[in-house]
Engineer: 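This structure is in structure tokens; I'll ask about it shortly.
A, B, ... follow the sequence lines: proteins, then strands. Residue 1 opens every chain.
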Protein chains: 2
Amino acid sequence: MGRPPGFDRREVLAAVEREFRKNGYDGTSLDDISAATGLGRGSLYAAFGDKHALFLAALGDYCDQDEASGAAALAGPDETAMERLRAYFIDSVDRQLNDPEQLACMASRFTVELAGRDRDATARLSQGFEAQRAALAGCLRAAQRNGDLDPAAEPVTLATLLVVDFRGIGSLIGIGLDRAELVAVVDAALAGLPVPPPSAAAS
Amino acid sequence: MGRPPGFDRREVLAAVEREFRKNGYDGTSLDDISAATGLGRGSLYAAFGDKHALFLAALGDYCDQDEASGAAALAGPDETAMERLRAYFIDSVDRQLNDPEQLACMASRFTVELAGRDRDATARLSQGFEAQRAALAGCLRAAQRNGDLDPAAEPVTLATLLVVDFRGIGSLIGIGLDRAELVAVVDAALAGLPVPPPSAAAS
DNA sequence: AGAGTTCTTTACTGAACAGTCCAGATCGTT
DNA sequence: AACGATCTGGACTGTTCAGTAAAGAACTCT
């Protein structure tokens with residue numbers, strides 16, 4: 001039935017995502033993408049459609065992976081919920097610091113760049129936000145069950161705050177804070193989560 | 001000595017800043033700027049230089065005002081330091097929500113868009129970050145003097161966390177959180193600041 | 001009022017852009 | 001091995017871009 005495609009869709013989308021992440025939507029040309037993927041423009045158009053559709057495909061693929069890995073990293077036994085929370089933040093910091101180009105996270109970047117301009121992208125990013133918040137809220141509920149967090153606290157509000165911290169840290173890595181400072185900020189953020197009142201203490 | 005300019009430099013830079021803020025650096029053409037300011041390209045080039053210089057001028061002007069107003073909003077007597085802190089955040093939220101186009105704050109936006117790409121812009125934004133952090137740290141020290149904050153806490157680390165919160169909130173406004181949620185997040189962030197140990201309590 | 005200086009506008013240039021098209025290459029099928 | 005279907009890559013198009021240059025308008029100073 002004809003010639004099969006000579007590329008792996010996931011690999012191509014990963015390269016596309018990286019290219020968009022580097023220079024933004026407007027700052028990335030199809031020539032850049034063509035060079036980064038090794039595919040000609042004709043192939044890209046045939047496989048994914050125009051630039052916007054290609055971007056949405058790359059964004060969707062990234063969000064899918066991000067949501068899955070985030071949910072996996074935050075799920076686990078109640079006893080280690082707080083450890084998972086800290087590891088989730090520290091891992092994110094290290095991943096960005098170790099990135100050869102120190103690119104901001106895709107979600108942070110395009111949430112500010114495309115909000116109000118690109119309805120489709122905003123919808124996907126909004127879904128990604130909800131997924132991240134839900135995963136964090138689940139982890140916070142686990143911490144509550146384990147007595148590490150005030151049971152009277154509202155997990156969703158605190159989870160929203162943690163997403164805010166997460167995105168804020170991601171956006172500030174670009175201006176040159178070093179790892180020690182970032183880790184201190186993460187610890188300060190987690191230290192600010194409400195502890196259970198002493199009257200209810202038991203262990 | 002010849003004809004004076006027919007425009008106000010500050011007004012033009014404010015319009016330019018708004019245009020860049022709306023669509024980003026790459027997404028804004030000189031025609032857009034020309035239409036927004038009412039000035040022809042020649043006038044813009046003569047007055048400010050090329051696109052990049054024009055952008056830096058607008059960014060610098062914005063940062064100057066932002067730093068001054070932030071410092072003013074956070075300065076005051078020790079007794080009301082915590083109130084000023086909260087008002088600073090709530091005002092920022094309201095300003096963005098009331099903005100006709102709900103544009104993200106200039107600093108947040110270009111910190112992620114230009115980090116690692118534009119050395120000059122990053123330098124200016126980094127200076128803006130330091131100014132905001134210093135103003136917040138000053139306010140936190142005032143709160144410490146007033147007994148509202150643990151004197152053992154490191155003001156600069158907490159101030160960094162507050163900048164993280166500030167930028168994170170700004171970047172998430174674009175995805176449609178409502179005012180009540182945002183206010184709850186602000187309050188959760190401020191509630192996470194370390195209170196003085198009870199042994200040292202006095203008033 | 002006139003001269004000189006500065007601002008403003010318009011038209012222009014070469015490059016880069018997104019998107020299209022087609023000739024040729026490559027593969028599964030028979 | 002030959003066919004048909006699909007993929008591939010480069011050439012092409014019309015548009016938009018940043019930046020330039022020159023002609024004309026407007027203002028101050030003498």
Side-chain angles (χ1 to χ4, degrees), chain A residues 1-61 109-110 113-114 117-121, chain B residues 1-61 109-110 113-114 117-121:
Chain A
M1 296 224 177
R3 174 179 177 184
F7 58 88
D8 178 61
R9 190 182 168 90
R10 304 289 293 259
E11 274 178 30
V12 168
L13 284 182
V16 171
E17 173 241 307
R18 191 159 186 83
E19 209 61 23
F20 275 122
R21 191 143 60 109
K22 202 190 310 179
N23 292 319
Y25 184 80
D26 291 312
T28 302
S29 74
L30 283 180
D31 283 336
D32 295 333
I33 295 172
S34 180
T37 59
L39 270 63
R41 268 198 285 282
S43 306
L44 289 169
Y45 270 85
F48 301 101
D50 67 6
K51 183 183 180 183
H52 187 239
L54 176 56
F55 171 74
L56 288 179
L59 177 66
D61 211 62
R109 154 143 226 163
F110 290 108
E113 181 168 346
L114 299 178
R117 269 181 66 196
D118 184 330
R119 192 169 295 274
D120 299 322
Chain B
M1 293 229 178
R3 177 179 175 183
F7 59 88
D8 178 60
R9 188 183 168 90
R10 304 289 294 258
E11 274 178 29
V12 168
L13 283 182
V16 171
E17 172 242 308
R18 194 163 182 81
E19 209 62 24
F20 275 122
R21 191 143 63 109
K22 202 190 309 178
N23 292 320
Y25 184 80
D26 291 313
T28 302
S29 73
L30 282 181
D31 281 337
D32 295 334
I33 294 173
S34 180
T37 59
L39 270 63
R41 268 200 284 284
S43 306
L44 289 169
Y45 272 85
F48 301 101
D50 66 7
K51 183 185 180 183
H52 187 240
L54 176 56
F55 171 73
L56 287 179
L59 177 65
D61 211 61
R109 153 143 227 163
F110 290 107
E113 181 168 345
L114 299 178
R117 267 182 67 196
D118 185 330
R119 192 168 294 275
D120 299 323

Engineer: Would you mind listing every salt bridge (charged side-chain N to carboxylate O under 4.0 Å, His left out) that reaches into residues 37-60 of chain B, with sequence neighbours excluded?
Structural biologist: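 Passing the test, one end in residues 37-60 of chain B: D31(B)-R41(B).
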
Engineer: If you measure from CG on N23(B) to CG on L114(A), what distance do you get to the nearest 0.5 Å?
Structural biologist: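 Separation between the atoms: 10.0 Å.
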
Engineer: Which residues within residues 8-27 of chain B lie with some heavy atom under 4.0 Å of an atom in DNA chain C?
Structural biologist: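 Under 4.0 Å from DNA chain C: no residue of residues 8-27 of chain B.
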
Engineer: Nearest 0.5 Å, what's the OG1-CG distance between T37(A) and D32(A)?
Structural biologist: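 That separation rounds to 10.5 Å.
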
Engineer: Which pairs, with at least one residue in residues 35-54 of chain B and sequence neighbours excluded, count as a ring-ring contact (aromatic ring centres under 6.0 Å, His included)?
Structural biologist: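 Not a single pair qualifies under ring-ring contact (aromatic ring centres under 6.0 Å, His included).
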
Engineer: Contacts to DNA chain C from residues 38-46 of chain A, heavy-atom cutoff under 4.0 Å, which residues?
Structural biologist: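 DNA chain C contact set from residues 38-46 of chain A: R41(A), G42(A), Y45(A).
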
Engineer: Looking at every non-hydrogen atom in both residues, tell me the closest pair between A36(B) and A15(B) and how far apart they are.
Structural biologist: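 Between these two residues, the closest heavy atoms are O-CB, 4.2 Å.
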
Engineer: Roughly how far, to the nearest 0.5 Å, is the CD atom of E19(B) from the CZ atom of R21(B)?
Structural biologist: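 Spacing of CZ (R21(B)) from CD (E19(B)) equals 11.0 Å.
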
Engineer: May I have the distance from I33(A) (atom CD1) to dC17(C) (atom C1'), rounded to whole angstrom?
Structural biologist: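 Going from CD1 in I33(A) over to C1' in dC17(C) covers 12 Å.
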
Engineer: Hey, are the side chains of T28(B) and K22(B) touching, using non-hydrogen atoms and a 4.5 Å cut-off?
Structural biologist: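 Sidechains of K22(B) and T28(B): no contact.
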
Engineer: Measure from CZ on F48(B) to P on dA18(D) and round the result to the nearest Å.
Structural biologist: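 That distance rounds to 16 Å.
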
Engineer: Show me the protein contacts with nucleotides 14-17 of chain D, counting only N or O atoms at under 3.5 Å.
Structural biologist:
none

Engineer: How long is the straight-line distance from CG of D120(B) back to CG of L59(B), given to the nearest 0.5 Å?
Structural biologist: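 Going from CG on L59(B) over to CG on D120(B), the span is 10.0 Å.
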
Engineer: Just jot down the salt bridge (charged side-chain N to carboxylate O under 4.0 Å, His left out) partners of D26(A), sequence neighbours excluded, or say none.
Structural biologist: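 Once residues adjacent in sequence are excluded, the partners of D26(A) under the salt bridge (charged side-chain N to carboxylate O under 4.0 Å, His left out) criterion are R117(A).
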
Engineer: Would you please classify the geometry between the Y25(A) ring and the F20(A) ring as parallel, tilted or perpendicular, with 30° and 60° separating the classes?
Structural biologist: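 Rings of F20(A) and Y25(A): parallel, under 30°.
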
Engineer: Given atom CZ of F55(B) and atom P of dA18(D), what is their separation to the nearest angstrom?
Structural biologist: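 It is 14 Å, rounded to the nearest whole Å.
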
